[in-house]
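None of these values were measured; they are calculated from a predicted model. What you see below is based on every heavy atom in this structure, not just the backbone, and it leaves out hydrogens, waters and symmetry mates.
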Amino acid sequence: MKNTRKEKGVKSLMFALVMMLSMSMFAGNNKKLDEQVLKTMKTATQFMMDKVSYNGGFVWNYLPDMSRSWGELEAKRTMAWIQPPGTPSVGHLLLDVYHATGDEYYYEAAKKVANALIWGQQECGGWNYVFDFAGENSLKEWYATIGKNAWRLEEFQHYYGNATYDDGGTMLAAKFLLRMYVEKNDPVFRPALDKCIQFVLESQYPVGGWPQRYPLMYDHPFKGNKDYSSFITLNDDVIPEATEFLMQCYQALGIPGLKEPVLRAMYLIITLQQGAPYAGWADQYFVDDLKPAHGRSYEPRSVNTGTTVAMIRLLMNYYRLTGDTRFLSGIPNAIDFLESVKIPAEDAVKWRRQPRNAEEFLVPRFVHPETGKPQYVHRKGSNVVNGTYYIDQNIENTIAHYSSVYTVNPSALRRSLEEVKKIPMEELVANSPFAQNDLVALDKYYTRSRGVGNEKMIKELIAALNEDGYWPSPLKNMSNVYKPCKDEPASESADYVTTMVGDEYDTSCYYATEEIPCISVGLYIQNMIQLARFLDRDE
């Protein structure tokens with residue numbers, strides 16, 4: 001029997017009512033979950049700010065009883081770490097959460113972190129890897145003990161007393177202070193921000209690059225090599241990070257004088273490319289002749305294939321920013337270089353990790369800039385006193401803490417090059433930040449996330465927060481408790497060739513072999529940004 005028009009109307013009305021009820025219940029459930037998210041975020045942040053931080057500063061990991069803590073090395077309780085995921089990373093996260101929630105608590109918490117960074121800011125305007133609220137004498141004592149005994153972390157074996165661009169720390173802190181200032185135009189942050197800008201401008205070499213550390217010092221020649229901290233540095237994105245900070249200041253503050261140093265640094269990348277057949281880039285360069293230079297004992301003077309891939313991608317990005325084809329002109333030779341140093345099959349099979357993609361293959365990380373020979377890094381001995389690093393052409397038994405081999409995909413790089421060349425020139429010019437006359441707002445979020453989690457993932461994060469108010473995490477990196485090294489001659493021992501740490505005197509961190517619970521700043525940041533992005537899921 002056919003339904004009458006009246007019956008159809010009744011059914012339609014009932015269906016609409018059911019849908020409205022379902023949507024109302026769904027909205028109610030979402031609102032309840034959002035409230036749980038907000039409560040979880042507040043609880044976790046209050047714990048981190050009130051129980052974990054020291055005067056607004058953070059390191060990376062803490063034992064729950066606060067008896068030991070670590071950044072890249074073991075830290076004193078009074079220390080604050082700059083390298084991510086340290087103090088500036090927490091500050092960025094708190095601003096991100098403030099943007100997601102509008103809760104002034106997070107802005108006030110971010111201010112505490114900013115004040116900690118301002119306390120630790122050096123007179124020159126930058127930051128060291130770490131600072132100590134107990135004072136400079138306490139920091140010097142740390143360098144003379146824990147830092148000095150860190151066999152593989154040579155950058156901590158000498159107290160310079162200046163600031164560093166290494167590992168992005170100074171620029172991460174500078175970008176955070178920029179964000180704090182433009183958030184509410186609070187003048188209290190402007191003097192520290194201006195010091196950051198002046199630091200970057202003063203430390204830039206006339207040719208366009210930056211040293212690893214500034215003010216310049218030459219007082220730590222090591223193992224027969226010159227102090228490398230004054231060399232022009234590409235390692236750890238020194239030039240990209242410094243130029244990005246200046247560009248953000250140029251756009252957000254409207255300081256016209258920042259455009260020239262940015263462009264000078266960008267065009268230096270073209271100059272630093274080596275000639276064929278080894279047409280890649282080095283990690284460091286001598287200032288007087290712009291030739292590849294050495295770094296730490298396990299960073300020989302070389303053309304670095306990993307750095308070369310990074311510079312290829314950077315040049316493509318610089319082309320997108322400018323439309324200047326000079327940024328693309330050297331890329332084909334660089335890709336040819338990567339293909340030319342492919343490790344022979346008989347050596348490649350000896351390597352511990354094989355490529356997963358059929359287009360990928362292995363290359364030496366360090367290639368001699370004149371001969372093209374691979375430079376594989378090994379070590380012997382057991383600690384900072386008796387141990388040494390050395391270079392040869394044997395791919396086996398290389399050091400574990402800094403890979404001598406790199407995986408490349410030249411075919412993918414060539415495809416990326418062709419894609420970027422297809423972008424219409426008028427589009428590049430229209431989108432170029434150098435063509436903008438108006439102020440440009442900074443990004444809403446700084447902390448990277450893995451997208452917006454689904455409800456199941458969010459509920460799991462909520463449930464994982466413990467009664468104390470933090471997300472428990474296994475301690476990933478452990479270290480030996482400091483004790484003075486014995487005075488002994490160089491050792492030929494091969495016991496620690498492929499380990500992350502040497503003997504009992506080595507204070508370098510190593511992967512924990514037992515389950516040790518800890519409070520992880522990195523996990524806090526990771527979970528918080530997931531929750532924040534969930535709240536902001538409709539944006």
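For Glu72, there are no salt bridge (Lys or Arg N to Asp or Glu O under 4.0 Å) partners at least two apart in sequence or on another chain. Not counting sequence neighbours, the partners of Tyr129 by the ring pair (Phe, Tyr, Trp, His ring centres under 6.0 Å) test are Phe156. For Lys76, the salt bridge (Lys or Arg N to Asp or Glu O under 4.0 Å) criterion is met by Glu141, not counting sequence neighbours. Under the salt bridge (Lys or Arg N to Asp or Glu O under 4.0 Å) criterion, Lys259 pairs with no residue, sequence neighbours left out. Listed by chain and residue number, Asp324 satisfy the salt bridge (Lys or Arg N to Asp or Glu O under 4.0 Å) test with Arg326 (two or more places apart in sequence, or in another chain). A search for ring pair (Phe, Tyr, Trp, His ring centres under 6.0 Å) contacts involving His401 returns Tyr298, Tyr389, not counting sequence neighbours. Considering only residues two or more places apart in sequence or on other chains, Tyr510 meets the ring pair (Phe, Tyr, Trp, His ring centres under 6.0 Å) condition with none of them.
Residues Tyr105 and Tyr107 keep their aromatic ring centres 6.0 Å or farther apart.
Screening residues 157-180 for salt bridge (Lys or Arg N to Asp or Glu O under 4.0 Å), with sequence neighbours left out, gives Asp96-Arg179, Lys175-Glu241, Lys175-Glu244. Sorted by first and then second residue, the ring-ring contact (aromatic ring centres under 6.0 Å, His included) pairs with a member in residues 225-253 read Phe231-Phe286, Phe231-His294; sequence neighbours excluded. Identified under the salt bridge (Lys or Arg N to Asp or Glu O under 4.0 Å) test for residues 293-313, with sequence neighbours left out: Glu155-Arg296, Arg296-Glu299, Arg301-Glu370. For residues 213-237, the set of pairs meeting the salt bridge (Lys or Arg N to Asp or Glu O under 4.0 Å) definition, not counting sequence neighbours, is empty. Contacts classified as salt bridge (Lys or Arg N to Asp or Glu O under 4.0 Å) and involving residues 113-132 (residues at least two apart or in different chains) are not found.
Figure legend: cation-pi geometry between Arg365 and Tyr406 absent, as NZ or CZ is not positioned both under 6.0 Å from the six-membered ring centre and within 45° of its axis.
Pairing each heavy atom of Thr507 with each of Leu73, the nearest pair is O-CD2, 3.4 Å.
Salt bridge Asp536/Lys444: present, at least one basic N to carboxylate O contact under 4.0 Å.
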